[in-house]
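Presented below is the structure to which this report refers.
All chains are named by letter (A, B, ...) in the order of the sequence lines, taking the proteins before the strands, and each is independently numbered beginning at 1.
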Amino acid sequence: MAYWLLKSEPDMFGIDDLAKCQRRTEHWDGVRNYQARNYLRAMRRGDQAFFYHSSCAAPGVYGVVDIVRAAYPDPSADDPQSPYYDPRSTGDNPRWFMVDVRFQRRLKRPVSLSQIKQTRALRKLPLVQRGNRLSVMPVSPTEWATILKLTGEH
DNA sequence: GCCAACGTTGGC
DNA sequence: GCCAACGTTGGC
């Protein structure tokens, strides 16, 4: 099983929105960056991911989600009405993919970006690397455990 | 709102 | 293939 981190702007879609979804499950669609897409495609059912809130007053890790469906074509790429529309992606040759994620839990104590930056064991996280804007990134088992420790949950 | 950093686009 | 221009991300 692998670990990941998924960014989202809570004003658009936060961890609490996911908890309110039917079956607490939603498509993680709209990813339009090739590196992030490749990570999406590497995800397997049963993987876990941190739900990270970005572009907000207190950026950080707020919850844990389960990957409940591996990558499949993102239909918003084919929808001219969608902000994620990409005419270069076609039905028989899809360019963009999404996974399904299910709410697992909210962290009792979120782990802030500044905490993450202050933690030596997390220095290699793409999240805190200079200029990094990846919205989907891998998290090593050690990093995963380190972040959970920071929540005080163990 | 500012701005640094980055990815993408498109002319050549 | 180069690279300037542009748009986006995201912390502050």
Centre of A:Phe103's six-membered ring, under 6.0 Å away, within 45 degrees of the axis: is that where NZ or CZ of A:Arg105 sits? no
Test: A:Asp74 and A:Arg32 ion pair at under 4.0 Å: yes
Positive for side-chain contact (heavy atoms from CB on, under 4.5 Å) with A:Arg120, one of A:Gln118, A:Arg123, A:Lys124: A:Arg123
Spacing between A:Leu125 atom CG and C:dG11 atom P, to the nearest angstrom: 13 Å
For A:Arg106, look at atom CZ and say whether over 12 heavy atoms of other residues, nucleotides or ligands are found less than 6.0 Å away. yes
Under 4.0 Å, heavy atoms only, any strand: does A:Arg32 hit a base, just the sugar-phosphate, or nothing? nothing
Please confirm whether the backbone N or O of A:Arg24 pairs with a side-chain atom of A:Arg102, one donor and one acceptor, at under 3.5 Å? no
Can you label the angle between the A:Trp96 ring and the A:Tyr34 ring as parallel, tilted or perpendicular, going by 30° and 60°? tilted
Assign the ring pair A:Phe51 / A:Phe13 to parallel, tilted or perpendicular, where the plane angle (0 to 90°) is split at 30° and 60°. tilted
Would you tabulate the nitrogen or oxygen pairs shorter than 3.5 Å linking the protein to nucleotides 5-9 of chain C?
{"residue": "C:dT8", "atom": "O2", "partner": "A:Arg133", "partner atom": "NH1", "Å": "2.7"}

Is the closest side-chain donor-acceptor distance between A:Asp16 and A:Tyr62 under 3.5 Å? no
Show me, range against range, the stems involving DNA chain C, built from at least 3 consecutive Watson-Crick or G-U pairs below 3.5 Å. B:1-12 with C:1-12
